[in-house]
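Working notes for the structure below.
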Amino acid sequence: MTSPKPQTTPLGARLRALIEAGGPMSVFDFMGLCLADPEHGYYMQAEPFGAEGDFITAPEVSQFFGELVGAWLVQAHAALGSPQHFHLVELGPGRGTLMADMLRVAALRPAFREATTLHLIETSRRLRAIQRITLGEAAARAHWHDRIADLPKDAPLLVVANEFFDALPIRQYVRTAEGWRERAVGLDATGTLRFVAGTGSLDPGSLPADLAGAAEGAILETQPLANALMEELAGRIARQGGALLAIDYGYARTATGETLQALRAHRHVEVLAEPGRADLTAHVNFEALARAARTGGLRPRALMTQGDFLLRLGLLERAGQVGAGRSPQEQERIRGEVERLAAPQEMGELFKVLAVAPHEAALPLFDGV
Ligand code: SAH
């Protein structure tokens, strides 16, 4: 076994000092600091996206993604009765590519465009500056917020979140002889960060019956922050009207298994090895996210795979249109993008789309309209 590299990052040194002073910290706190520490957090200082970065998201793979999500939004706006004023909200917009691509499609529908106020929920000042550039003229009518609570309360909300919920800290629990114990990050004898079984425990009553008998060593992940944000947004949409579309990689049913991962330069690295320098994410538990939406007062629609969602919105037709008359190389590039977004062995199946809205709304695709 190779031993993990010593933590040489500035955040690693701070984490060590914190643990020395206060004892092991939960995986939740560790992940929160790695991603969002104001000085050294990953999203505050790293360049996550694109070929030069650590990972590529669907809107960065292809403009088709944002264009088709934009087309869905235009249809959803009509299905909600074409409200004359509504707020288009994106959670965690990254480089702003998805928003820019959605707006290009939406611009073709004046009824949609003129009814829209733009809101971007983004904690990273660095990424806000990039989003402003990507949005160009549209930036003049966009509002940036740190928190969902700051969204206006006067009109329906159409909310889009791509690879947002996976970027929020999770809790991990380990099954031990004494029951479920919260997993924490402590130090070994050499001062290196190590996973340890912490003192927190999990209420077994909160578990699905088939997990109560999980084997020793099993790991269970929970996503209290993702669920809380979903519940808050759902409560707003229940009162104000609207809908929410969450696209992310994840699983449809609560299950044991570790999905917390660290990515650096498109490679998996050890979770504890480079605090603040590697991206940390966890797969989204869509069952829990849907439950949170229900608690907030909305009806979650049946989960769809990203492949199904995009193909049913006309991915192949759109690609054909764009490719017509282009060079063989261009057509090959377009074919590659379609594959990447929708093929089952690429993003097509692991990525899922959850739509939530008030019970009576008739959402395009999800409610058979
Ligand atoms: N949606 C983009 C980027 C996904 S990366 C895309 O598909 O390319 C996650 C994004 O969420 C980043 O913009 C990050 O800065 C932002 N983010 C992470 N945690 C956040 C939080 N708690 N509140 C607001 N934004 C957050």
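Just so you know, these numbers use all the heavy atoms, side chains as well, and skip hydrogens, waters and symmetry mates. Just so you know, ligand 1 is whichever comes first in the structure, and atom 1 is the first atom listed for that ligand. A quick note: this is a predicted structure, and the numbers were derived from the prediction, not measured.
The immediate protein surroundings of ligand 1, defined as residues with any heavy atom under 4.0 Å of it, consist of Tyr43, Phe49, Thr57, Pro59, Glu90, Gly92, Pro93, Gly94, Ile121, Glu122, Thr123, Ser124, Leu127, Asn162, Glu163, Phe164, Leu168.
Sorted by first then second residue, the salt bridge (Lys or Arg N to Asp or Glu O under 4.0 Å) pairs that include residues 128-140, not counting sequence neighbours, are Arg128-Asp146.
In summary, Arg294 and Glu231 do not engage in a salt bridge, as defined by a charged side-chain N under 4.0 Å from a carboxylate O.
Legend: residues meeting salt bridge (Lys or Arg N to Asp or Glu O under 4.0 Å) with Arg301, ordered by chain and number and at least two apart, are Asp367. Partners of Thr97 under the side chain to side chain contact (heavy atoms under 4.5 Å, CB included) rule, at least two apart in sequence or in another chain, are Pro59, Glu60, Arg95, Asp101.
Between the side chain of Arg236 and the backbone N or O of Ala149, at least one donor-acceptor pair lies under 3.5 Å.
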Discussion item. Run Glu337 and Arg340 through salt bridge (charged side-chain N to carboxylate O under 4.0 Å, His left out) and show every step you take.
Written reply: CA-CA 5 Å; Glu337 290 178 7; Arg340 187 79 192 273; over 6 Å; no
